[in-house]
**Q** 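Dumping the structure here so I can ask a few things about it.
In this text the structure is predicted, and so the values were computed from the model without any measurement.
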Amino acid sequence: MPYFLWTIKRDVIDYHSLNGDQMLNHYWKTGSFTTKIGLCLNMRSLPWYAQANPDSFFPRCYGLCTESEKQEFLDDFRRTVASSILKWVVSHQTCDRSKPKSRREESGDSDPSNRKGPENDESKLRGLSGQLVDTACRVCQAYLGQREHEDIDISEDAVQDLTEDEWKDLTQQYYALVQGDAFISNSRSHFSQCQALLNRLTSVNPQIEIDGLRNIWIIKPAAKSRGRDIVCMSRVEEILELVAADHLPTKDNKWVVQKYIETPLLIYDTKFDIRQWFLVTDWNPLTIWFYKESYLRFSTQRFSLDNLDSAIHLCNNSIQKHLQNDKERSPQLPGHNMWTSTRFQEYLRRRGRSAVWGSVVYPAMKRAVVHAMRVAQARVEPRKNSFELYGADFVLGRDFRPWLIEINSSPTMHASTPVTAQLCAQVQEDTIKVVVDRKADRSCDTGNFELLWRQPAVELPPFHASDLCVEGVSVRKARKQMPPISSFSCSSSLSDSQPLAVRCPSATPDPAPGRPPTAPQQDLKLRNEKVLPCTLPAPLKRPAQRSHTVQSVHAESGGRVEFPSCHFQHADSKALKTGLSKAESNPPSDSDSLDVHPLLPVLPSVKTVEGTVAQPPRPPGNSTCPSVCLPGAACSTSSGPLVRAESERQPEPGQGWGHPVPVLGRPGCQDSGDPGAAVPGTG
């Protein structure tokens, strides 16, 4: 069994089948920062985790997979158009002021036809009115009002925004202006206003410097790497057409558009980026190690915004290694197009900027990595015995501020150049020191790795599934209070949870003739379908002067058996019907009719074996019953046959008529008037 696993693709290992002591160089669910769409969306949540503005180190980015994101990108593109017009006015006047005047101009000759140079070239270009600048200023002022919350008390209907036709006209004039096909006449009169607005925009938008004049955006597939299918565009209609024309499956149909850094720091007129390694050894507590060495990757072509070819603007080695170095490029750049960070610091020292790396570049890259990891911490699936090495790509601006472009999982360790041959082997060895050697010795050598961030452990809330319970007092529906029944005696054992012994109905004493019931009829409903069947008790024959009659129930009753105190459902059908029908009281037809007492109101609360319902005990009488009615057995008497309801067939063993009413007792007891003769039995 291997105890240390290092793979390029994490999918080749079943992450959840590893033992706790097996070490793996990957974490799961890291797409929140290792994919372009994940980093784009999650960086917006940074203010919830730290007092930092993501726009200060991460170029603004939008996912073009939803209509809302497309609209936000369109609004941003239009605002950048307006600010670029202001920049054109300021830069154009600044250039004119910095140029020395010719003798003809000093003598007062201001005729454009007699001039040579850019001023004279404008006579051949398309002239744009100053209204273009006024419209751009109005857009910028509205944006500043939103950033400064001046639009809180203004309704949306009162906001005077440009119409789609006005936006289209403004955009087309802007294209002609930045491409050199047009110029703004009398732009000097707008210089002060444009300069003041740009100063205000710079205070609220930290990316105003990297926006440049061309409004170039870089379009990337949301989840691809190594620079595949990345293009640069400066026209919004072309960008939206590219996304709309994509017919890839929904999973892959995700594009990210990010503002291109139009003012990068150049070395010998060539663009470069920085590959910076960092190591995460734990996510709770979040532990980050930062590598002190990094390397620079140069483009094979000289930098130019007039050509948006990827060979000029993408520095990925996977793209540049297939291209030939431009012959016009500086020979002081290496043929393999890579520098170590140490070599870059020497270059800065020769330029008189030796302190820039330690005071600006290196600390800012550290802060960017920490911010990105803190945002993604809650979305990564942690594992205590795992680690992962990441590669972050940065581009420096003219002011040496690093801008985070993306973060790569499984950064290449291929020795493609002398620089990577040295550094990649060294970073792998130092990684082993941190994740293996440091477990046994906290003071061991960690190579070029330095501990960047270790937050206090976040204690998870305790969870005990076995202790879950519901506390409170149950709410029960109040039972209707019944008047006391004077003619019915109930034994004290009625409140017990044990089954009750019930006498035969023949032992009931005769009530006064014609006496009406003393209480209303109660409804008794059986809620349990599966209950034990029981034979209905039969009355005993009496002498003629004291005769008792039992009404028989015919088939017209619809399957219900009417008993003196309650009705029971017939049970000889295959589909057993649940519940009892509402009992109906039949008044006696003559003085010899049997006086039936209603059930006690406490009867439904009596607990019986297996959820069955027991009949209340009868008060003792002078008649005798040779046997007590048992479940499934017929009750026989010495003075008359058994009266059966609704069916003339003999029940099968264990089967009775109607709904089952368990009657429990001791076989063979004689009723001599002693209430204790019937004792509880077992169901």
Side-chain angles (χ1 to χ4, degrees), residues 4 6-10 23-27 30 32-36 39 57-58 225-227 272-283 286-298 315-318 336-345 357-358 361-374 376-377 380 386-396 402-438 444-454:
F4 188 90
W6 185 299
T7 64
I8 298 177
K9 296 182 179 180
R10 61 172 173 263
M23 189 171 292
L24 180 65
N25 69 322
H26 289 293
Y27 291 103
T30 59
S32 58
F33 65 94
T34 58
T35 61
K36 298 174 180 64
L39 189 63
F57 64 91
F58 182 68
S225 60
R226 300 191 299 276
F272 68 95
D273 67 4
I274 300 177
R275 168 58 62 89
Q276 176 64 56
W277 289 304
F278 66 94
L279 175 68
V280 177
T281 57
D282 201 347
W283 286 97
L286 179 59
T287 307
I288 308 172
W289 296 79
F290 202 76
Y291 205 64
K292 298 177 184 178
E293 283 286 342
S294 55
Y295 63 93
L296 281 64
R297 303 178 298 187
F298 291 95
C315 301
N316 302 58
N317 185 63
S318 57
H336 52 74
N337 298 319
M338 285 189 184
W339 271 3
T340 63
S341 58
T342 304
R343 176 70 180 86
F344 178 54
Q345 295 177 55
W357 177 264
V361 180
Y362 195 68
M365 290 193 299
K366 285 183 175 181
R367 288 193 299 268
V369 168
V370 171
H371 292 331
M373 295 301 98
R374 293 183 66 181
Q377 181 180 8
V380 177
S386 289
F387 66 95
E388 190 155 9
L389 182 68
Y390 302 102
D393 294 340
F394 291 91
V395 171
L396 301 185
W403 294 90
L404 175 64
I405 305 302
E406 62 185 14
I407 298 177
N408 300 275
S409 61
S410 300
T412 178
M413 293 289 136
H414 179 57
S416 57
T417 66
V419 173
T420 54
Q422 172 192 352
L423 292 182
C424 290
Q426 184 179 355
V427 72
Q428 293 180 77
E429 180 180 351
D430 294 343
T431 300
I432 301 300
K433 293 179 181 179
V434 174
V435 300
V436 177
D437 298 348
R438 196 171 179 273
C444 72
D445 178 33
T446 58
N448 282 327
F449 275 112
E450 62 173 331
L451 183 61
L452 171 60
W453 179 267
R454 180 180 174 83

**Q** Are the side chain of N408 and the backbone N or O of G391 linked by a donor-acceptor pair below 3.5 Å?
**A**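 Yes, N408 side chain to G391 backbone: donor-acceptor pair under 3.5 Å.
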**Q** I would like to know whether F4 and F387 meet ring-ring contact (aromatic ring centres under 6.0 Å, His included); could you show each step before the answer?
**A** CA-CA 11 Å; F4 188 90; F387 66 95; 5.8 Å; yes
**Q** Do R297 and T417 come close enough that some side-chain heavy atom pair is under 4.5 Å?
**A**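 A side-chain contact under 4.5 Å is absent here.
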**Q** Evaluate the side-chain proximity of V369 to Q276: yes if any heavy-atom separation is below 4.5 Å, no if none is.
**A**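 Side chain of Q276 against side chain of V369, heavy atoms only: no contact under 4.5 Å found.
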**Q** State, to 0.1 Å, how close P402 and V361 come at their nearest heavy-atom pair, and which atoms those are.
**A**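 Closest approach of P402 to V361, heavy atoms only: CG-O, 3.7 Å.
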**Q** Of the non-hydrogen atoms in M413 and V427, which two are nearest, and what is the gap between them?
**A** SD-CG1, 3.8 Å
**Q** Is there a donor-acceptor contact under 3.5 Å from the side chain of Y27 to the main chain of S386?
**A**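 At least one qualifying donor-acceptor pair exists.
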**Q** If I compare all heavy atoms of P411 with all of R275, which pair ends up nearest, and what's the gap?
**A**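 Looking at all heavy atoms of both residues, the closest pair is CB-NH1, 3.5 Å.
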**Q** Are the side chain of H26 and the backbone N or O of T7 linked by a donor-acceptor pair below 3.5 Å?
**A** yes
**Q** When rounded to the nearest 0.5 angstrom, what distance separates CZ in F57 from CH2 in W403?
**A**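 CH2 of W403 is found 9.5 Å from CZ of F57.
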**Q** How long is the straight-line distance from CG of D273 back to CG of L296, given to the nearest 0.5 Å?
**A** 7.5 Å
**Q** Please evaluate residues T342 and E293 with respect to the criterion side-chain contact (heavy atoms from CB on, under 4.5 Å), reporting the C-alpha separation (whole Å), side-chain torsions for both, the decisive distance (0.1 Å), and the verdict.
**A** CA-CA 8 Å; T342 304; E293 283 286 342; 2.9 Å; yes
**Q** Show, in sequence, the C-alpha distance, side-chain angles and deciding distance for F278 and K366, and conclude whether the side-chain contact (heavy atoms from CB on, under 4.5 Å) test is met.
**A** CA-CA 9 Å; F278 66 94; K366 285 183 175 181; over 6 Å; no
**Q** Could you check R438 against W289 for side-chain contact (heavy atoms from CB on, under 4.5 Å), going step by step and ending with a plain yes or no?
**A** CA-CA 13 Å; R438 196 171 179 273; W289 296 79; 3.5 Å; yes
**Q** I want to check something: taking the side chain as every heavy atom from C-beta on, are F449 and K433 in contact at a cut-off of under 4.5 Å?
**A** no
**Q** Only one of Y291, F290, F33, W277 forms a ring pair (Phe, Tyr, Trp, His ring centres under 6.0 Å) with Y390, so which one is it?
**A** F33
**Q** Nearest heavy-atom pair of S416 and M338: which atoms, and what distance?
**A** OG-CE, 4.2 Å
**Q** Would a 4.5 Å heavy-atom cut-off, applied to side chains only, mark N337 and F272 as touching?
**A**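 The answer is no, as the side chains (C-beta and beyond) never meet within the 4.5 Å cut-off.
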**Q** Does a side-chain heavy-atom distance below 4.5 Å link L39 with F58?
**A** yes
**Q** Does I8 have more than 12 heavy atoms from other residues, nucleotides or ligands lying within 6.0 Å of its CD1?
**A** no
**Q** Any chance CZ of R343 has more than 12 other-residue heavy atoms, nucleotides or ligands included, within less than 6.0 Å?
**A**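 Check passes, neighbour count above 12.
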**Q** Please report the shortest heavy-atom distance between W283 and Q377, naming the atom on each side.
**A**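 Shortest heavy-atom contact: O-NE2, 2.7 Å.
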**Q** About how many Å separate OH of Y362 and OG of S294, when rounded to the nearest 0.5 Å?
**A** 8.0 Å
**Q** Between atom CG of L279 and atom CG of L451, what is the distance when rounded to the nearest 0.5 Å?
**A** 10.5 Å
**Q** Which heavy atom in V434 sits nearest to a heavy atom in T446, and how many Å separate them?
**A**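 That would be CG2-CB, 3.9 Å.
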**Q** Is the ring pair F344/W339 parallel, tilted or perpendicular, if the boundaries are 30 and 60 degrees?
**A** tilted
**Q** Begin with the C-alpha distance, continue with both residues' side-chain angles, and end with the deciding distance and a verdict on side-chain contact (heavy atoms from CB on, under 4.5 Å) for V435 and T281.
**A** CA-CA 7 Å; V435 300; T281 57; 4.0 Å; yes
**Q** Can you tell me how far CD1 of I405 sits from CG of N316, rounded to the nearest 0.5 angstrom?
**A**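 It comes to 10.5 Å.
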**Q** Test side-chain hydrogen bond (donor to acceptor under 3.5 Å, both in side chains) on R454 and T287 and set out the steps.
**A** CA-CA 4 Å; R454 180 180 174 83; T287 307; 3.2 Å; yes
**Q** At what distance, to the nearest 0.5 angstrom, does CG of N25 lie from OG of S410?
**A**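 These two atoms lie 6.5 Å from each other.
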**Q** Can you find a pair of side-chain heavy atoms, one from V280 and one from E388, that are under 4.5 Å apart?
**A** no
